[in-house]
Q: 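Handing you this structure, nothing more for now.
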Amino acid sequence: MLKIYNTLTGKKEPFEPIAPKTVRMYVCGVTVYDYCHIGHARSALVFDVLRRYLEYSGYAVTFVKNFTDVDDKIIKRAHEQGVSCDAVTAKYIQAYHEDMGKLGIRTATEEPKATEHIADIIQLTERLVAKGLAYVVAGDVYFEVSKYPEYGRLSKRRLEDLQAGARVEVDERKHHAMDFALWKSSKPGEPTWESPWGPGRPGWHIECSAMSMKHLGETFDIHGGGMDLIFPHHENEIAQSCGVTGKEFARYWIHNGFVQINKEKMSKSLGNFFTIREIFEKSEWPENVTGEILRYFLLSTHYHGPLDFSDQALREAKNALNGFYDLFQRLDEPEEKATADNELRVMIEKCRLAFKTAMADDLNTPVAIAAFQALKGDVNRLLAHGLSTAARKVAREEFRSLGSTLGLFQLNKWKLGSTGMLSRAASKDTERQFGPSIGMLNQAANKPQSEQNVGFLNQPAEKDIVAHNAQPTIEDQALTDVEIERMLEERNNARRRKDFSRADVIRQSLAAHGIIIEDKPDGTTRWKR
RNA sequence: GGCGCCGUACCCAAGUGGUAAGGGAGCAGUCUGCAAAACUGCGAUGCAGCGGUUCGAACCCGCUCGGCGCCUCCA
């Protein structure tokens, strides 16, 4: 049974859905006026994993995630670029799907847009006005916070504690400084819809209430989003929704922590954010590998806490993942000995139990990953004793199926691939240039921490290198599999006649192309990019 | 001014009353022509500091120091 931390109650609680075996959840998506950064990725991933886990646990999940596609920032961006708001939102919605897709984040059951729910929003606003919870001022409609006595129960604030106008001037026409707009009369050049209060557009908070109620009903199971949405966004949603229906809105409120840079929240104003596509562009590794590294990194900390993004953190995730995929490569090799086949079952059972226990405890993904690490060690030991081809397949499948809840271990090939993309001539810094391949060959690559962060944090320099990478030189062409096999054959011939210097030359030559080799006890050699 | 979070080994990170998971890096050993990988071993007598409660505290309470978030749009 899943226990989950509920912001509303401030406690970890057993999860009980309203209707048996089904879960209805709503997560606040993004405002589509720019590319998503790694913080958006974390939020999307956390709820993607929650959804996968609920499905794994046997629930039928209806998952709704919205796009806010009408908003001040969108209007501003459209004006800046001299294009329509629709053009802006369409561009960034597509980018959202591309970026999240690379991270293996599944699309939600429903992904409603605010602009497609104007009628629902107007209707909900009318009901609030009719109930006396909202008032109209010259074409604007405001929710009257003092009419909802429980205002502040999610964010644990009292109305009196909210310092009115602390940083923003209070609109004189509002009854209370915290009253918020449900409907805004539109200025010329802004998107506009007809309404009982005149032409205008919806406020931010009301759209989520309207869309969630439409797709999930007036009361549903889970409402999620980033920590920063607790106040005022989710607080306001509760006030509107509960105010209008008189029922509870969502039962479990789940919030993920921030991604930080050097212990500070990633934000546009600080200029310390990294977009998802920027990370993929700068990555030294192929796209599918980068996606999994990012996923592993984001899940290696509990979703509720803060998470510091750095180049080094990504490298550690990559190194940890290396161990798994090295094992998977061994598991793909045939073997007749079956000495340890029976023990494998026990190890797998142990892992399953540990995985389930960890995930059921407030989605403890770091502990779940630790369970995989334990199984990795176990299987490696059993492998030394002898696991049959069939048993190896079973083990690999176990990683794949259990890992699918976290979206890990799904790749067939783990290529770190120095595919010749990196131009030697353009580099003044060999270590950075060749990244993982050189790093792994040179175990001495133990630099002071100050240098380890340069990759992603030093934007200008890195951008230069990316630019150079676009023009690979001829000598950097990747080797074909056939060529590699031929070189390995020659090397093994050399080894057999004890011509080790020749063998080492070939090994170095392969290494220069990013090929890592490993001699097996039987005299053959396995390799990887 | 109000509300709240965090501080665990070189780094990352679980653990929230019963005597410190896991990973990365490092060192040593086994194996290997040498590597690589894998395996084995080493590594916090201590969880920011100081008091208190308790048979027992990293976990509860108080104070102090340090870092951060929200109260405005924000995943």
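All heavy atoms count here, side chains included; hydrogens, waters and symmetry mates do not. Lettering follows sequence order; numbering is per chain, from 1.
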Q: Should Lys265(A) be listed as having a side-chain N or O under 4.0 Å from OP1 or OP2 of C70(B)?
A: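 Answer yes for this pair, as a side-chain N or O of Lys265(A) is under 4.0 Å from OP1 or OP2.
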Q: Nearest-Å distance, CD1 (Ile293(A)) to P (G24(B))?
A: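 Rounding to the nearest Å, CD1 of Ile293(A) and P of G24(B) are 14 Å apart.
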Q: Output the rounded distance in Å from NE2 (His385(A)) to P (U40(B)).
A: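 In whole Å, U40(B) P lies 10 Å from His385(A) NE2.
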Q: Establish, with yes or no, whether the OP1 or OP2 oxygen of A37(B) is under 4.0 angstrom from a side-chain nitrogen or oxygen of Asn380(A).
A: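 For A37(B), neither OP1 nor OP2 has a side-chain N or O of Asn380(A) closer than 4.0 Å.
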Q: So, is Asn364(A) near the phosphate of G15(B), with a side-chain N or O under 4.0 Å from OP1 or OP2?
A: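 True: Asn364(A) side-chain N/O within range (under 4.0 Å) of G15(B) OP1/OP2.
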Q: May I ask you to check if Lys376(A) and Phe324(A) form a cation-pi contact, with NZ or CZ under 6.0 angstrom from the six-membered ring centre and within 45° of the axis?
A: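 The answer is yes, since Lys376(A) meets both limits relative to Phe324(A).
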Q: In whole Å, what is the span from the CD1 atom of Ile105(A) to the C1' atom of A75(B)?
A: 11 Å
Q: Which residue, Asp140(A), Asp69(A), Asp72(A), forms the salt bridge (charged side-chain N to carboxylate O under 4.0 Å, His left out) with Arg201(A)?
A: Asp72(A)
Q: Going by atom types alone, do Thr68(A) and Glu207(A) pair a side-chain donor with an acceptor below 3.5 Å?
A: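 Looking only at side-chain atoms, Glu207(A) and Thr68(A) do form a donor-acceptor pair, the distance falling under 3.5 Å.
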Q: Working to the nearest 0.5 Å, report the span between NE2 of His205(A) and CD of Glu237(A).
A: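 These two atoms lie 8.5 Å from each other.
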Q: If the cut-off is 4.0 Å, is Arg381(A) near the phosphate of U40(B), judged by side-chain N/O to OP1 or OP2?
A: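 Affirmative; the distance criterion is met.
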Q: Roughly, in whole Å, what's the span from NE2 in His302(A) to P in C12(B)?
A: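 My rounded result for the distance is 19 Å.
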Q: Among the candidates A37(B), C34(B), U40(B), find the nucleotide nearest to the side-chain atoms of Arg491(A).
A: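 Taking heavy atoms from C-beta onward, the closest nucleotide is C34(B).
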Q: Rounded to the nearest Å, what distance is computed from the CD atom of residue Gln329(A) to the P atom of nucleotide A37(B)?
A: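 Gln329(A) atom CD is separated from A37(B) atom P by 13 Å.
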Q: Quick check on A75(B): is either OP1 or OP2 less than 4.0 Å from any side-chain nitrogen or oxygen of Asn256(A)?
A: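 Indeed not, no polar side-chain atom of Asn256(A) lies that close.
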